[in-house]
**Student:** 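Take a look at this one; I'll ask things after.
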Amino acid sequence: MLYRCIQCENQKLRHSVIWSACILIPVIPAIMGTFNYLQNLELLKDGWYSLWTQLSLFYASIFYAPLIALYASYLWRLEHLNHNWNQIMTAPVPVPDLFWGKLTVIFQVTFLTQIWLGLLFFLCGKLSGLPGFPPAEILLWLARGTLAAAAVGALQLFLSMVIRSFAVPIGIALCGSLLGFAFTAKGLGMYWPYSLMTLGMNSNRSEDLLSSTLAPFLLTLALFFLLFAGAGILYLKKADIQTR
Amino acid sequence: MKRSAESLKARYRFLWAVPAGFLAVLLLWVGRSLLTLEPEERVMGYPILLYSLTLMNAIFIPVMDAVIASRLCDMEIKGNTLKLLFTLEKPGVFYTVKYLSCFRYLVVFTAGETLAMFLFGTVLSFAPLPDPAVLLFHFLSITVVGAVILGIQQLLSLLCENQILPLIVGLGGTFLGLFSMFFPRRINLLVLWGYFSIFSQGSVRPLGEDWVYEYVEFPLEQFCVFSAAAVLFFLLELLIFKKKKEV
């Protein structure tokens, strides 16, 4: 049944504007980060690593979470409109599958966004005249950022389900990301979901922030993921769903 | 009468929470960094504040505008109310009143920010401002730039069935604006979302191993031209809306 739910959610995304966000938003940090890198070549001398600092500078710390929030809001908006809540809640489908289906699709779109960002990073590096291929370490940072998105995706999915506004959860994600700066600066990034992406993607750093704390990072990520997904499923099961 | 209709529509929607929430996060952020200043650094308190608020406004205001416009316009899209409304009032009047009702939330944010600047300066004993007009110009510039962005967001939110597009524009614009601040001025001038830094009265420059924050003279002439362009821009948006939605 879960597979069917995922198929349905995928079907809802066909010809959707969500793909424009997935394609267009990462292009901005790629172009502007590269431009910034080329402007400061006398200071940025670590090649691929330096380019990564510029590309991930604002993307991971500020815009990644709102982008995931955008995906989550879009998926729930379809249910918030036209009495669709009644339809999905009366469908002969286990409630957890509805939530997991949406979460899987969010993860899938985020995964594609990250692949696209990686590809753009490679292209920008080549256009900037960087030799060879990006270090494998950076690919690992991209993968960690994608994993971190699972926890934030679960949180945003929960928020977008409870808050029947398209835009408000996106605003919350932006505020959460900015507060994440403070948590990361204080060394408390592990305890704030919106900081996990910054840590995972090693935003604006050349040296690995998680070299000695990868296991706690993965554990926190798993805990946040279970907490938010659990809260979402519980809410969906228990709350009286009103249609406006 | 029409304005009160917009107020009634906004009842129980917690719209004040949007500027209040954004303002709270902004003040937390700025307050945190100001509290770490050494007493000798507080001489530069206001320029530091002006510079950091420029960055924060470039991030916050476009997204806040997008959220407010989407929240207020989406009710018309969801309820499919436009055709019915246009039998009661002209699309132009509707558009202007809707804009004013969105604008007041923006003003709450910008006025709150300006007031907070004054309070931070007083409580933390910053060196006095060279001219009290600095605060006035700060308020005016962020309000006008925010108002232009709000106009774009409102137009998109009313024209698009799907609110994802205006939000993509809001996020993308924030991204562009933030990056453009680190680019040469001629590029910065091309990006509307980056105008917070064009009118910023605080700047930073390296001096040996230190960073020096200083006041920048407010570009009053440029601001007047921008404000005039803002009015024309609003009229253009109004025209586009009327053309698209006239019954």
Side-chain angles (χ1 to χ4, degrees), chain A residues 16-36 39-40 54-55 57-59 61-67 69-71 73-75 77-78 80-82 163-183 185-186 244, chain B residues 13-15 17-19 21-26 28-29 31-33 36 55-56 58-60 62-75 77-80 153 157 160-184 187 191:
Chain A
S16 135
V17 197
I18 209 169
W19 299 111
S20 332
C22 175
I23 300 292
L24 292 178
I25 299 278
V27 172
I28 303 171
I31 293 177
M32 303 201 106
T34 308
F35 188 80
N36 216 15
Q39 294 266 309
N40 295 290
Q54 298 308 299
L55 203 125
L57 174 66
F58 294 126
Y59 174 78
S61 5
I62 303 177
F63 293 99
Y64 192 16
L67 192 59
L70 194 86
Y71 300 156
S73 277
Y74 181 80
L75 279 183
R77 181 183 167 82
L78 300 171
H80 290 317
L81 290 175
N82 303 326
I163 303 169
R164 287 159 185 268
S165 155
F166 184 86
V168 172
I170 300 169
I172 293 175
L174 182 81
C175 291
S177 302
L178 283 164
L179 287 175
F181 267 114
F183 278 86
K186 289 265 176 207
R244 286 185 198 170
Chain B
R13 299 185 79 90
F14 305 108
L15 270 160
V18 177
F22 274 91
L23 191 60
V25 176
L26 178 90
L28 267 176
W29 175 262
R32 184 191 136 268
S33 52
T36 58
L55 278 176
M56 299 307 286
I59 300 170
F60 275 111
V63 177
M64 188 183 71
D65 280 350
V67 172
I68 292 170
S70 167
R71 191 110 176 91
L72 274 168
C73 300
D74 196 27
M75 61 174 84
I77 307 291
K78 268 185 185 167
N80 203 12
Q153 291 299 146
S157 286
C160 301
E161 285 283 313
N162 197 330
Q163 291 301 303
I164 192 169
L165 192 70
L167 265 296
I168 292 175
V169 172
L171 269 182
T174 310
F175 230 143
L176 280 174
L178 196 57
F179 268 111
S180 70
M181 288 182 179
F182 300 94
F183 286 176
I187 296 180
V191 182

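So that the names make sense, note that chain A is the first sequence line, chain B the second, and so on, each numbered from 1. Values in this document were obtained by computation on a predicted structure and should not be read as measured data.
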**Student:** Examine whether an atom of A/Ile25 lies under 4.5 Å from a heavy atom of chain B, and if so say whether it belongs to the side chain, the backbone or both; otherwise answer neither.
**Tutor:**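 Backbone plus side chain of A/Ile25, per the 4.5 Å heavy-atom cut-off to chain B.
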**Student:** Heavy-atom pairs under 4.5 Å with chain A - which of B/Trp29, B/Phe179, B/Phe175, B/Phe183 has more of them than the others?
**Tutor:**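 Most heavy-atom pairs within the cutoff with chain A belong to B/Phe175.
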**Student:** Closest approach of B/Ala66 and A/Ala167, non-hydrogen atoms and distance?
**Tutor:** O-CB, 4.4 Å
**Student:** Counting only non-hydrogen atoms closer than 4.5 Å, does B/Met75 touch chain A with its backbone (N, CA, C, O), its side chain (CB onward), both, or neither?
**Tutor:** neither
**Student:** Look at B/Leu28, B/Ile68, B/Leu171, B/Val63 and state which one has the largest set of heavy-atom pairs under 4.5 Å with chain A.
**Tutor:** B/Leu171
**Student:** Pick from A/Ser165, A/Ser20, A/Ser16: which one has the most heavy-atom pairs with chain B under 4.5 Å?
**Tutor:** A/Ser165
**Student:** Considering only heavy atoms and a distance below 4.5 Å, find which of B/Thr174, B/Leu178, B/Leu165 pairs most often with chain A.
**Tutor:** B/Leu178
**Student:** What is the minimum heavy-atom distance between B/Ile59 and A/Leu174, and which atoms define it?
**Tutor:** O-CD2, 3.7 Å
**Student:** What is the distance from atom NZ of A/Lys186 to atom CZ of B/Arg32, rounded to the nearest 0.5 Å?
**Tutor:** 6.0 Å
**Student:** Mind checking the CD1-CG spacing from A/Ile28 to B/Leu176? Nearest 0.5 Å is all I need.
**Tutor:** 4.5 Å
**Student:** Kindly give the heavy-atom pair with the smallest separation between B/Glu161 and A/Arg77, and that separation in Å.
**Tutor:** O-NH2, 3.3 Å
**Student:** Measure the CD1-CG distance between A/Ile170 and B/Leu167 for me, rounded to the nearest 0.5 Å.
**Tutor:**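 Atom-to-atom, A/Ile170:CD1 and B/Leu167:CG are 3.5 Å apart.
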**Student:** Who among A/Val27, A/Leu81, A/Leu67, A/Leu70 has the most heavy-atom pairs with chain B under 4.5 Å?
**Tutor:** A/Leu70
**Student:** Under a 4.5 Å heavy-atom cutoff, which of A/Gly33, A/Ser73, A/Pro29, A/Ala21 has the most pairs with chain B?
**Tutor:**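 Greatest number of close heavy-atom pairs with chain B: A/Pro29.
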**Student:** Which atoms of B/Ile187 come close to chain A, meaning under 4.5 Å heavy atom to heavy atom: side chain ones, backbone ones, both, or neither?
**Tutor:** side chain
**Student:** Under the side chain to side chain contact (heavy atoms under 4.5 Å, CB included) criterion, do B/Phe14 and A/Val168 qualify, and how do the steps go?
**Tutor:** CA-CA 11 Å; B/Phe14 305 108; A/Val168 172; over 6 Å; no
**Student:** Identify which of B/Val25, B/Val18, B/Leu26 forms the greatest number of heavy-atom pairs closer than 4.5 Å to chain A.
**Tutor:** B/Val25
**Student:** Locate the shortest heavy-atom distance separating A/Ile18 from B/Ile164; write the atom from each residue and the value.
**Tutor:**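 Here A/Ile18 and B/Ile164 meet closest at CA-CD1, 3.8 Å.
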**Student:** Kindly compute the distance separating CE (B/Met64) from SG (A/Cys175), expressed to the nearest 0.5 Å.
**Tutor:**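 So the CE of B/Met64 and the SG of A/Cys175 are separated by 10.0 Å.
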**Student:** Side chain from CB out, backbone as N, CA, C, O: work out which of these in A/Ile62 comes under 4.5 Å of a heavy atom of chain B, or both, or neither.
**Tutor:** side chain
**Student:** Is it the side chain or the backbone of B/Pro166 that comes within 4.5 Å of chain A heavy atoms, both, or neither?
**Tutor:** neither
**Student:** Distance from A/Leu78 atom CG to B/Asn162 atom CG, nearest 0.5 Å?
**Tutor:** 8.0 Å
